[in-house]
Amino acid sequence: MPELPEVETLRRDLERSILGRMATEIWIAPDVPRLVQGLAPEELRQRLIGARFQGVQRRGKLLIFLLSDGRGYLLLHRRMSGNLLHRRNGAPADPYTRFVLSLDDDSELRFVDLRKFGRLWLVDDPTEVTADLGPEPLEETFTIETLAEALRRRQAPIKAVLLDQTAIAGLGNLYADEALHLAGLHPRRPAAGLTLDELGRLHRGIREALAEGLHDRGSSLGTSLRDHINLDGSPGEHQHHVHAFRRTGQPCLRCGTAIERIKVGGRSTHLCPHCQPA
DNA sequence: AGAGTAGCCTGTAAGC
DNA sequence: TGCTTACAGGCTACTC
């Protein structure tokens, strides 16, 4: 699933391939009425055509394109199954393409999204969309104190709080499980109940899990169309290097105990019962 | 207010 | 073999 490392990998690739390019045409599929948020598709079209991409930023799992001529920002959330592909004009069609943005170098960006959960915004100020997001876990300013503040007074299981984007931005089911395994913390521990030592381990675990995913250009699980792929259609490699996620029954890489699967906050959760005691 | 959960979606895998 | 059901999960909206 696209989480922070998958979106950041995409951002870096976009920065190298579309900066300075101008949008010449946009097509939006007729059967995704929820895709464009807050304005009519025709208005989006008028504001986008002729705009140049001056920057590509990321906040949490959101991609943020800075447009030229004061046209504002285009924001994209891939949600569960959304992939952004950069193709040459006339390249074979990609199934489940929901919108196409033609560029002035005979290429196009295609948003391919089997489940239709993806969302697009065009706003003057990105904080209109990102206002509720918690801190960026890879920023220098994300300290152990930042983490402690995010978990303060939260009695929910630590796993559920890690998935809460208003607490910390960018973690999804895979990297939350990975971070907790690296930290040696049971996912059902109440978030506010961690000791200072445990907070330090979790802080380190979160950053390590995300850095590992980034290093591998993201995780692409299984073989289906739901999986994350990068801008050129290539998969990530991190699924080969995960510690806990979807490794049910396989030996923990640290101690050899079989990885267990439980439900926490309605999400499947993977842990080593020895390294992550209740 | 914080916690828990149904629903949005559709392909895949499991179960009968 | 073929049909039905459960499941995957980011996020919002809703209830308790």
Side-chain angles (χ1 to χ4, degrees), chain A residues 1-8 10 28-38 58-64 75-84 94-99 111-121 128-134 136-137 149-180 187-193 209-210 213 218-229 235-236 238-239 242 244-249 259 261-271:
Chain A
M1 312 305 138
E3 305 177 30
L4 190 156
E6 288 74 25
V7 179
E8 176 63 17
L10 187 61
I28 299 171
D31 60 344
V32 279
R34 294 162 182 263
L35 173 61
V36 181
Q37 298 281 305
R58 181 192 55 76
R59 181 79 173 89
K61 302 171 189 173
L62 280 159
L63 266 179
I64 304 174
L75 276 69
L76 175 69
H77 199 306
R78 300 166 60 186
R79 291 284 185 95
M80 280 188 61
S81 59
N83 280 308
L84 198 62
D94 293 290
Y96 310 107
T97 297
R98 307 304 182 194
F99 79 80
F111 183 64
V112 174
D113 182 22
L114 184 147
R115 286 211 176 84
K116 304 181 180 176
F117 286 170
R119 298 288 181 265
L120 261 187
W121 297 259
E128 291 175 40
V129 182
T130 64
D132 291 338
L133 290 177
E136 284 289 325
E149 178 61 28
L151 305 186
R152 222 158 55 95
R153 286 192 292 268
R154 299 292 300 263
Q155 289 307 307
I158 180 66
K159 165 80 185 271
V161 179
L162 291 182
L163 292 177
D164 179 353
Q165 300 301 296
T166 70
I168 300 165
L171 292 173
N173 211 30
L174 187 152
Y175 293 99
D177 279 5
E178 292 297 289
L180 288 168
R188 289 205 175 115
R189 294 276 306 278
L210 294 173
S219 306
S220 305
L221 297 140
T223 55
S224 74
L225 291 157
R226 287 169 292 177
D227 291 319
H228 155 79
I229 48 175
H238 193 53
Q239 64 278 11
V242 286
F245 190 72
R246 292 207 193 158
R247 292 192 65 246
T248 312
I259 298 292
R261 192 184 126 162
I262 60 173
K263 283 266 183 197
V264 181
R267 297 285 173 240
S268 66
T269 298
H270 311 78
L271 72 144

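What you see is a predicted model; the values in this text were computed from it and never measured.
- With A/N83 contributing its side chain and A/I229 its backbone, the two residues share a donor-acceptor pair below 3.5 Å.
- Ring orientation note: the planes of A/H270 and A/F245 are nearly perpendicular, at an angle over 60° on the 30°/60° scale.
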Polar atoms only, N or O, under 3.5 Å: list the protein pairs with nucleotides 2-5 of chain B and their distances.
from  : atom 1 : to     : atom 2 : distance (Å)
B/dA3 : OP1    : A/Q155 : N      : 2.6
B/dA3 : OP1    : A/A156 : N      : 2.8
B/dA3 : OP2    : A/R154 : NE     : 2.7
B/dA3 : OP2    : A/R154 : NH2    : 3.3

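- In this structure, of C/dG9, C/dA8, B/dG11, it is C/dG9 that holds the atom nearest to the side chain of A/N173.
- The phosphate of B/dC9 (OP1 or OP2) has no side-chain N or O of A/Y96 nearer than 4.0 angstrom.
- For the pair A/D31 CG and B/dC8 P, the interatomic distance rounds to 16 Å; values are reported in whole Å.
- Put simply, CG on A/D164 is 15 Å from P on B/dA1, counting in whole angstrom units.
- Recorded end-axis angle for the helix from B/dG2-C/dC16 to B/dC16-C/dG2 stands at 60°, based on five pairs per end and rounded to 10 degrees.
- One finds no side-chain N or O of A/K116 lying less than 4.0 angstrom from the OP1 or OP2 phosphate oxygen of B/dC8.
- Rounding to the nearest 0.5 Å places CD of A/E8 at 10.5 Å from CG of A/L210.
- At the phosphate of C/dC7, neither OP1 nor OP2 sits under 4.0 Å from any side-chain N or O atom of A/S268.
- Side chain of A/R115 to backbone of A/G82: no donor-acceptor contact under 3.5 angstrom is found.
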**OP:** Indicate for each nucleotide in nucleotides 11-16 of chain C, in 5' to 3' sequence, whether protein heavy atoms under 4.0 Å reach the base (B), only the sugar-phosphate (S), or nothing (-).
**Re:** BS----
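- In this structure, CE of A/M80 is placed 14 Å from P of C/dC7, rounded to the nearest angstrom.
- Computed from coordinates, the A/F111 CZ to B/dC9 P distance equals 14 Å when rounded to whole Å.
- Across all strands shown, A/R34 has heavy atoms under 4.0 Å from sugar-phosphate atoms exclusively, and none from any base.
- Side-chain contact between A/V161 and A/L151: present, with at least one pair of heavy atoms (C-beta onward) separated by less than 4.5 Å.
- A/F245 comes within 4.0 angstrom of the backbone, heavy atoms only, and of no base.
- A/D227 has its CG atom 11 Å from the P atom of B/dA13, to the nearest Å.
- Taking 3.5 Å as the limit, the base of C/dA8 and the side chain of A/R115 contain a donor-acceptor pair of atoms between them.
- Between the CZ atom of A/R261 and the P atom of B/dA14 there is a distance of 11 Å, rounded to whole Å.
- A 4.5 Å side-chain heavy-atom check between A/L10 and A/E6 finds every atom pair outside the cut-off.
- Between the CG atom in A/D227 and the CE atom in A/M80 there is a gap of 10.0 Å [rounded to 0.5 Å].
- With A/R59 contributing its side chain and A/L133 its backbone, the two residues share a donor-acceptor pair below 3.5 Å.
- When A/F117, A/F99, A/Y96 are each tested for a ring-ring contact (aromatic ring centres under 6.0 Å, His included) with A/F111, only one passes: A/F99.
- At a threshold of 4.5 Å between non-hydrogen side-chain atoms, the residues A/V129 and A/R119 do not count as touching.
- Between the A/Q165 side chain and the A/L163 main chain, a donor and an acceptor come within less than 3.5 Å of each other.
- Straight-line distance from the CG atom of A/L133 to the P atom of C/dG10: 14 Å, rounded to whole Å.
- Without hydrogens or angle criteria, A/S220 side chain to A/H228 main chain gives a donor-acceptor distance under 3.5 Å.
- C/dA6 atom C1' lies 10 Å from atom NZ of A/K263, rounded to whole Å.
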